[in-house]
Protein chains: 4
Amino acid sequence: MYIQIEPESDIPIYSQVSTQVMEGIIRGELAAGEVLPSVRGLASDLGVNMHTINKSYHDLEAKGVITIVPKSGAVISVAPLKGASKEQTDLLSEKLRPTVVEAMVSGMNDDEIHALVDSIMRNVREMK
Amino acid sequence: MYIQIEPESDIPIYSQVSTQVMEGIIRGELAAGEVLPSVRGLASDLGVNMHTINKSYHDLEAKGVITIVPKSGAVISVAPLKGASKEQTDLLSEKLRPTVVEAMVSGMNDDEIHALVDSIMRNVREMK
Amino acid sequence: MYIQIEPESDIPIYSQVSTQVMEGIIRGELAAGEVLPSVRGLASDLGVNMHTINKSYHDLEAKGVITIVPKSGAVISVAPLKGASKEQTDLLSEKLRPTVVEAMVSGMNDDEIHALVDSIMRNVREMK
Amino acid sequence: MYIQIEPESDIPIYSQVSTQVMEGIIRGELAAGEVLPSVRGLASDLGVNMHTINKSYHDLEAKGVITIVPKSGAVISVAPLKGASKEQTDLLSEKLRPTVVEAMVSGMNDDEIHALVDSIMRNVREMK
DNA sequence: GTGGTCTAGACCACC
DNA sequence: GTGGTCTAGACCACA
């Protein structure tokens, strides 16, 4: 499982890391029970601050994707795939909305927007 | 055209305003050539600072959605709907990706995600 | 001598008017001694505020291009073409500099910038 | 790279700063990839408000001259010199026109105006 | 009255 | 320490 970050991106590094871990889970590269690299190890590999990785892991824990076991490490949760609750979909909807609106106002029609989402999902599943 | 903001949201106020103006355009409530409320007027209506609205309007101008005419006001651009370029869709894709990944990892399947996007688009078109 | 204004332009209306009067002089459409339209008349023709035209005329007078005779009107000065003084060229240089710099940084070479200036001068002399 | 401002000038401070950064790029003092001083640092050096420099930098970013990397700084863009497009030259032309007209009406001939432009370009390239 | 510009000072997220 | 965001209040040019 390789993680690559783009320091120049608008997206915060900690968020890039969380997202890529989630992508690894989706692709099956990271299976339930598997252990993530240590905070310090991953930080030095990526050349970023330890606190940044720490934040990523705690975000993932808050999302229920991993469990942080003090002194031992972070492990992928057994069953993160439980379907989305009403609150979750509402939250996702809120996050998606501004970008969807931007796409709509730039003249994309519904099919094009769906195709865009499809291309993202395909891309996530295939490689990185 | 009513604009409502949530000061407590983690989405910046200026961004909430920009998004709602774009939604108004999509719904046809704001037609090309129409004039937006003055920076100071809208600011006092919403109970926020002038500079916050100023930033919204300048962002919208940078996106090509409105034109700011000094001493006269901000008007909706004549042809904002020109279809999205390659760079634009790439940018949109980048912005969408983290949330789409989050939806995937939470167990939503492709149909559910498409339904979510559809519900957003419907919601944007209907009212607010 | 027709004057046209673009209310949408970044350039203030009073400045557009002054510039076009000067262009008329350069083309010979407005000869020394000729009388300009009245402030009120021109303002209503152009659909702008009287104060705006007033400002144009006073700017032109400050530049030595016209003379405002109270109760009588504004007349083109007899000899506006006296060559530029050191202070004038310095002032012109200051005004030109930011735009020239912008052209340079956008990748235009010296010849292209000269060609641009030439096209402006030709355009001024030909029509409007 | 030194930046000097004239608070008394009728040219806005933020614009003076942008122009001088562009001049530094033209002279090669600021090479692609180089990092500009921090917004707050430069502001305190020049004795102006942070927001003033912030506006300069965002304007330069809108012009494609620099890239602002949140939490990291502003860097000179790799390839700002891409030649000017039709719209760009039209815009430059509009900005140049009033001053060129003023020069013409003051009696300068074409050669003198070209010499003036040359002196500006030489001045920009040499020092400041 | 409108937008443009500027200041002073504040809190926050990120690194 | 960095940029991002926001507020409060000010003066000016323009219409």
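Because only heavy atoms are used, hydrogens play no part in the values below, and waters and symmetry mates are left out as well, while side chains stay in. Throughout, a chain's letter reflects where its sequence line sits, starting with A, and its residues are numbered from 1.
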Taking side chain as C-beta onward, heavy atoms only, is D:Arg97 less than 4.5 Å from C:Val124? yes

If you find the nucleotide of DNA chain F closest to C:Asn49 and the one closest to B:Thr52, which residue's nucleotide is nearer the 5' end? B:Thr52

Could you check which nucleotide pairs with F:dA8 in any of the strands shown, counting Watson-Crick or G-U wobble with both distances under 3.5 Å? E:dT7

Just call it for C:Val48: base, sugar-phosphate, or nothing, with non-hydrogen atoms closer than 4.0 Å on any strand. nothing

Nearest-0.5 Å distance that lies between atom CE in B:Met104 and atom CG in A:Leu92: 12.5 Å

May I ask you to test the D:Val21-D:Leu30 pair for a side-chain heavy-atom distance under 4.5 Å? yes

Could you grab the distance from atom OG of B:Ser56 to atom CD1 of B:Ile5, nearest 0.5 Å is fine? 9.5 Å

Is the side chain of A:Gln16 donor-acceptor paired with the backbone N or O of A:Glu6 at a distance under 3.5 Å, no angle test? yes

With a cut-off of less than 4.0 Å, is there a side-chain N or O of C:Tyr14 near OP1 or OP2 of F:dC14? yes

Between A:Lys55 and B:Val69, whichever has its closest DNA chain E nucleotide further toward 5' is B:Val69

From CD1 of C:Ile11 over to P of F:dA15, roughly how many Å is that when rounded to an integer? 12 Å

Between D:Met50 and B:Gly73, just flag the one whose closest nucleotide in DNA chain E comes earlier from the 5' side. B:Gly73

Would you compute the distance between atom NE2 of A:His58 and atom OG of A:Ser18 and round it to the nearest 0.5 angstrom? 12.0 Å

Of all nucleotides in DNA chain E that come within under 4.0 Å of a heavy atom of chain B, which is furthest toward the 5' end and which toward the 3' end? E:dT2 to E:dC6

